[in-house]
Student: 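Here it is, the structure, as C-alpha cells.
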Amino acid sequence: MPELPEVETICRYLRDGTATQPAILNRVIFDAQILWARSLATPLVEEFYRRIRGQSITAINRRGKFILFSLTTDTLLIHLRMSGDLLVEPADLAPLTHHRALINFQDGMRLAFNDPRKFGRIWLVEHPALVIGGLGPEPLDDHFTAADLYERLRSTRRRLKPLLLDQSFLAGLGNIYVDESLHLARLHPLEVSQRVSLEQAIRLWASIRQSLNQAILRNGASIDWVYRGGEFQNYFRAYGRVGQPCPECGTPIQRITVGQRGTHFCPQCQQLMG
DNA sequence: CACGAGACCTGTTCGC
DNA sequence: TGCGAACAGGTCTCGT
C-alpha cells in the first residue's frame, strides 16, 4: 500500500493510537515470531529473537518509506513495500493468514506485520544508516529547497518518472505521488530532467510538497482491497483516472507504461518540450 | 550511464 | 460460470 503519506499515517497511528488500536510507544518487547523467513532481512532469526527481547520502543519515526522504531539499544526498521501493513492487536489472537511477523509486548498486546505479497522487509540493526544511508532528501523537510531539486535535476539526464521513483534521488515518492506531482506541475513523465527549467523545477518542488501534504491531511490513499481509512484516493488528479477528464482542461487522462509502471498523465497539460 | 526485463509474491479484476 | 491474462501503492539484479 504505502508511499510516504501512507507510511506517515501508519507511523502516527502507531505513535499516537487510534479509536481502535492503542499507541505502542514505550511498550516493552516480550518476544517475537517470524512467520515468513524472508520477511526478516537481518540479522539471522535466532539473533533477532535474542536481541529484540526486553527492549522497549522509545520513538517511532519515518524516513522515506521506512518506519523506524528506536529501541533501547537497536533500531527496528520496517519497509511495507507493496502490500505490507502494521496492526496493533491482542497477542493471544490466532495469527491472520497474511501475518508475517509478530512483536509481542509484555502487556499482552502485539505489533503484527501483515503482508499478503511478502515483499516487505524487517531489519534490526545497531546503526540505521546501514539500511537508509542511501536515501535521497526528505521532500517535506525544510532543508529540501526548490534550488536543491533544480540542482539535482540538472545533474542527470534521466526521465522524470523513473527519476522521481528512485529513492536515492528523492525519498518517499511512489507511483501514485509521482503521477500526481507531475500532473500538478504540468510536466510530462518522459521529460528529460536536464531540460527542466528553474521555473519548472520550482513548480515541481511545490507540486510534490502539495501532493504529499494534501495526502497526509487525508490520512493517505486507500485503494483496492487495502483500506485504512485514508481518503486521498477521492482527490486523485491523474493516477488511476484513464479516460476520465483532466481536472484542469477536460482532456481524457492517458495511461502509458514507463519502466514497467502504469503512468497516468494529461496529454494536453503535460507535453514534452520540443 | 540509462533503460528494459525478470525476480520476488498473492490476490483481484477484466476479457473472452 | 470458468479460466487465463493483466494488473497492483516497491525494489533489487542483471544484461545491453
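This one's a predicted model, so the numbers in the text were calculated from it and none came from an experiment. In what follows, chains are A, B, ... by sequence order, proteins preceding strands, each numbered from 1.
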Student: Between K118(A) and P162(A), who's closer to the 5' end of DNA chain B by nearest nucleotide?
Tutor: P162(A)
Student: So, R27(A) and D107(A), do they make that salt bridge, N to O below 4.0 Å?
Tutor: yes
Student: Does the side chain of Q167(A) get closer than 4.0 angstrom to OP1 or OP2 of dT11(C) through an N or O atom?
Tutor: yes
Student: Using the six-membered ring for Trp and the full ring for Phe, Tyr or His, decide whether F119(A) stacks on the six-membered base ring of dC8(B) (centres under 5.5 Å, planes under 30°).
Tutor: yes
Student: Side-chain donor-acceptor pair under 3.5 Å between N104(A) and D31(A), yes or no?
Tutor: yes
Student: Give the rounded distance in Å between these two atoms: CE of M82(A) and C1' of dA6(C).
Tutor: 13 Å
Student: Considering the options R237(A), H264(A), Q270(A), which one meets the side chain to side chain donor-acceptor pair (under 3.5 Å) requirement together with D179(A)?
Tutor: H264(A)
Student: Is Y177(A) touching bases, backbone alone, or none of the nucleic acid, heavy atoms closer than 4.0 Å?
Tutor: nothing
Student: Taking atom P in both dA6(C) and dA7(B), what distance in whole Å separates the two?
Tutor: 16 Å
Student: Using a cut-off of strictly less than 4.0 Å, decide whether H98(A) has a side-chain nitrogen or oxygen near OP1 or OP2 of dC9(B).
Tutor: no
Student: Quick one: label R121(A) by what it contacts on the DNA or RNA (base, sugar-phosphate, nothing), any heavy atom closer than 4.0 Å.
Tutor: nothing
Student: Looking for any heavy atom pair under 4.0 Å, which part of the strands does Q260(A) touch: base, sugar-phosphate only, or nothing?
Tutor: base
Student: Measuring only the P atom in each nucleotide, how far is dA5(C) from dG6(B)? A whole number of Å is fine.
Tutor: 15 Å
Student: Could you identify the nucleotide paired to dC9(B), looking across every strand shown and requiring Watson-Crick or G-U wobble geometry with both distances under 3.5 Å?
Tutor: none
Student: Report the relative orientation of the aromatic rings in F232(A) and Y177(A); use parallel for angles under 30°, tilted for 30 to 60°, perpendicular for over 60°.
Tutor: parallel
